[in-house]
*Asks:* 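Encoded as structure tokens, here's the structure I'll be asking about.
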Amino acid sequence: MDQKISKEFGISAKKEDNFSEWYSQIIEKTGLADFISAKGFIVLRPYGFAIWDLIKNYLDQKFKETGHLNGFLPCLIPESLLNKEEKHFKGFNPEVFWVTSSGDSLLSEKLALRPTSEALLYSIFPKWISSYRDLPLKMNFWNTALRAEIKSTKPFIRNSEFLWQEGHTAHVDKKEAEDEVMTILYLYKHFIEKILSIPTISGYKSNKEKFVGADYTTALEGMMPDGKALQLGTSHNLGLNFSQPFDIKFLNKNNIEDFVWQTSWGISWRLIGAIIMVHGDDKGLILPPIVAPIQIIIIPVYKNVNEQLVKEHANRLKDSLVSLGYRVFVDQRDEFTAGWKYNEWEMKGVPVRINIGQRDIESNKVEVVRRDNRQKSIVPMENLSKEIEKIFQRLQYDLYCKAETYLKEKTKVITNFDDFKRNLDSYSGFIVTGWCGSEDCEVRVKENTGADIRVIPFDSKDLPTGLNTTHDVIKDCIYCGKKANKIVIFAKAY
RNA sequence: GGGAUCAUAGUCUAGUUUGGUAUGAUGCCAGCCUCGGGCGCUGGAGGUCGUCGGUUCAAAUCCGGCUGAUCCCA
């Protein structure tokens, strides 16, 4: 818990009217993060870090269940290493921060502040891998990455340094690497959709948008309330692109030397940004229960005469809920009225509030309030934990449905470029259309409309339901008009 | 890359046209009051008016440079 909670009034911007002002206000006023002078960097405050911690705890367990082990990597990468995979280097170079000196003396070789760790980690893989018995090698790292974002920054969405996790694996053959890519992608998808209640579209990235150095990139694309796309997770098949330059070889069962097949994958604190944007309302944050630092806030409602009694009951209630595994906080501060506290904790997105006062104690009931729709109910003590469980599930489900309805509304099939342009002028959203596969068309569309290919869905099942995407409808490339060989989603993106 | 607007207490802000050492709110501190949807009262602390320079007896105010922020256009 943050020791100091601002007494200032709540969110004054409306999500609908001024989305980006609303977003910054949420971050500052709920105590998630703060800003310092260095542009593009943010300070994560305890409330924000607690959310990240919960994301981390959940995923870390899943990674371990699927056989991955954590490690730690230095944050500096010698230029020569980063340079080894040429495409990779070129792709990242514009946004790499370089360390060039120690004290007053210049370093003999520049060191990069890691934009990602492939090069560094893979330079040491040959020491660890010599036999098929050493494979698969499956590692994960919870750390930060640095990518210079000068032009436009947005807390949690685009920062020069961000918290993330990067997974790296090496396998005996292509098939095993391909399976790993998908295992992770669907692990992410389950987490983002079922736990964070954010619908996603899964598929491939185009060559232009894929991870530099990957054979292909799979991704989960979400839609924000302004209709823009936000990439929520990626899982890359690196093929042999790194094992060859880094000489990562092993002896297979037939005593033949072979290169390993590799994958890498990651999610970042962008997910926090997505939770804020997708679920938040004019009153503030709405946190899905599993990532809520405080799941239940108890507000004792008392007068001078019964203060002691009510607080005692509130604390006893807290103890019993904590023993059931909930994260609970009793707001006993005297300097605020109950009404103030309601607003404060709603702003902070606590999913369930319990009010307890004299009359509740007498009737052995409490008032339970759900954050998203602020529905109140009077619940007898003996039903309380059951009721809370029910609210958590409903809330999680309703948040998802709301977001999914929006995604469906803002996803259209468009096959004519004039309509396409007109649509992107007046509104943002996902446009499902045909593409011939040429990078040239993709670039031209971007130049003309600001939208690019966010994702190439694996299958029509990956698209929102109710769209007509048969070959009769989507025949041609949206730009050149030649035969389309892919159905893709164009959108403006963060 | 081009343009516009702005910079005053932790935050928001009045004052700038017409030069005279800064207004109000909120937050903060102390005390009282009590809390079922952002209570109220009393007192107090908090400012080199973004920065550097110029004009002037005198600059938040007029002029110029710089820095930073926001928005619009490419």
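Values reported hereafter were calculated over all heavy atoms of this structure, with side chains retained and with hydrogens, waters and symmetry mates removed. So that the names make sense, note that chain A is the first sequence line, chain B the second, and so on, each numbered from 1. For clarity, every value in this text was computed on a predicted model and none was experimentally measured.
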*Asks:* Using whole Å, report how far CG of Asp282(A) lies from P of G37(B).
*Replies:* 21 Å

*Asks:* Using atom CG of Leu309(A) as one end and atom C1' of C35(B) as the other, report the distance to the nearest whole Å.
*Replies:* 15 Å

*Asks:* How many whole angstroms separate atom CD of Glu344(A) from atom P of G27(B)?
*Replies:* 12 Å

*Asks:* State, without any angle test, whether Ser428(A) and Asp226(A) hold a side-chain donor-acceptor pair at a distance under 3.5 Å.
*Replies:* no

*Asks:* Show me the pairs that pass ring-ring contact (aromatic ring centres under 6.0 Å, His included) and involve residues 347-401 of chain A, at least two apart or across chains.
*Replies:* Tyr326(A)-Phe392(A)

*Asks:* When you check the side-chain N and O atoms of Lys210(A) and Asn207(A), is any donor under 3.5 Å from an acceptor?
*Replies:* yes

*Asks:* Charged N to carboxylate O below 4.0 Å: is that the case for Asp334(A) and Lys311(A)?
*Replies:* yes

*Asks:* Can you say whether a donor on the side chain of Lys376(A) sits under 3.5 Å from an acceptor on the base of G37(B), or the other way round?
*Replies:* yes

*Asks:* In whole angstroms, how far is the C1' atom of G38(B) from the NZ atom of Lys348(A)?
*Replies:* 16 Å

*Asks:* Strictly below 4.0 Å, N to O, side chains only: are Glu442(A) and Lys446(A) in salt-bridge contact?
*Replies:* no

*Asks:* Distance between the P atoms of G1(B) and U55(B), in whole angstroms?
*Replies:* 35 Å

*Asks:* Under the salt bridge (charged side-chain N to carboxylate O under 4.0 Å, His left out) rule, collect the residues that match up with Asp34(A), sequence neighbours excluded.
*Replies:* none

*Asks:* Considering only the P atoms, how many Å lie between A25(B) and G20(B), rounded to the nearest integer?
*Replies:* 23 Å

*Asks:* Anything under 30° is parallel, anything over 60° is perpendicular, the rest tilted; go ahead and classify Phe19(A) against Tyr23(A).
*Replies:* tilted

*Asks:* State plainly whether the residues Lys386(A) and Glu389(A) are in salt-bridge range, i.e. N to O under 4.0 Å.
*Replies:* no

*Asks:* Give me the distance, rounded to whole Å, that separates U61(B) from G50(B) when you measure between the C1' atoms they each carry.
*Replies:* 16 Å

*Asks:* What's the closest nucleotide to the Ser20(A) side chain, out of C35(B), G38(B), C71(B)?
*Replies:* C71(B)

*Asks:* Should the side chain of Gln358(A) and the base of G36(B) be counted as holding a donor-acceptor pair, with the cut-off at 3.5 Å?
*Replies:* no

*Asks:* Measure the distance from CG on Asn343(A) to C1' on C39(B) and round it to the nearest whole Å.
*Replies:* 13 Å

*Asks:* For U67(B) versus U51(B), give the span between their C1' atoms, rounded off to a whole number of Å.
*Replies:* 7 Å

*Asks:* Suppose you measure atom P in U23(B) against the same atom in C49(B); what distance do you get, rounded to whole Å?
*Replies:* 14 Å

*Asks:* Please give, in whole Å, the distance from G37(B) P to Glu346(A) CD?
*Replies:* 12 Å

*Asks:* With pairs taken as Watson-Crick or G-U wobble and both distances under 3.5 angstrom, which stems of at least three consecutive pairs involve RNA chain B?
*Replies:* B:1-7 with B:67-73, B:10-12 with B:24-26, B:28-32 with B:40-44, B:50-54 with B:62-66

*Asks:* Take atom P in A74(B) and the same atom in A69(B), then report the distance between them in whole Å.
*Replies:* 23 Å

*Asks:* What distance, rounded to whole Å, do you find between the two C1' atoms, one in U5(B) and one in A22(B)?
*Replies:* 24 Å

*Asks:* Please list, for nucleotides 32-34 of chain B, all pairs of protein and nucleotide N/O atoms separated by less than 3.5 Å.
*Replies:*
from: U34(B); atom 1: OP2; to: Asn304(A); atom 2: ND2; distance (Å): 3.2

*Asks:* Mind checking the C1' distance from U21(B) to U48(B)? Whole angstroms is fine.
*Replies:* 12 Å

*Asks:* Without decimals, in angstroms, what is the distance between Asp360(A) CG and G36(B) C1'?
*Replies:* 8 Å

*Asks:* If you look only at pairs with a residue in residues 213-224 of chain A, which of them pass as a salt bridge (charged side-chain N to carboxylate O under 4.0 Å, His left out), with sequence neighbours excluded?
*Replies:* Lys205(A)-Glu221(A), Glu221(A)-Arg454(A)

*Asks:* In this structure, how many angstroms lie between the P atom of G37(B) and the CD1 atom of Ile297(A), rounded?
*Replies:* 17 Å

*Asks:* Of all residues at least two apart in sequence or in a different chain, which pass the salt bridge (charged side-chain N to carboxylate O under 4.0 Å, His left out) check with Lys483(A)?
*Replies:* none

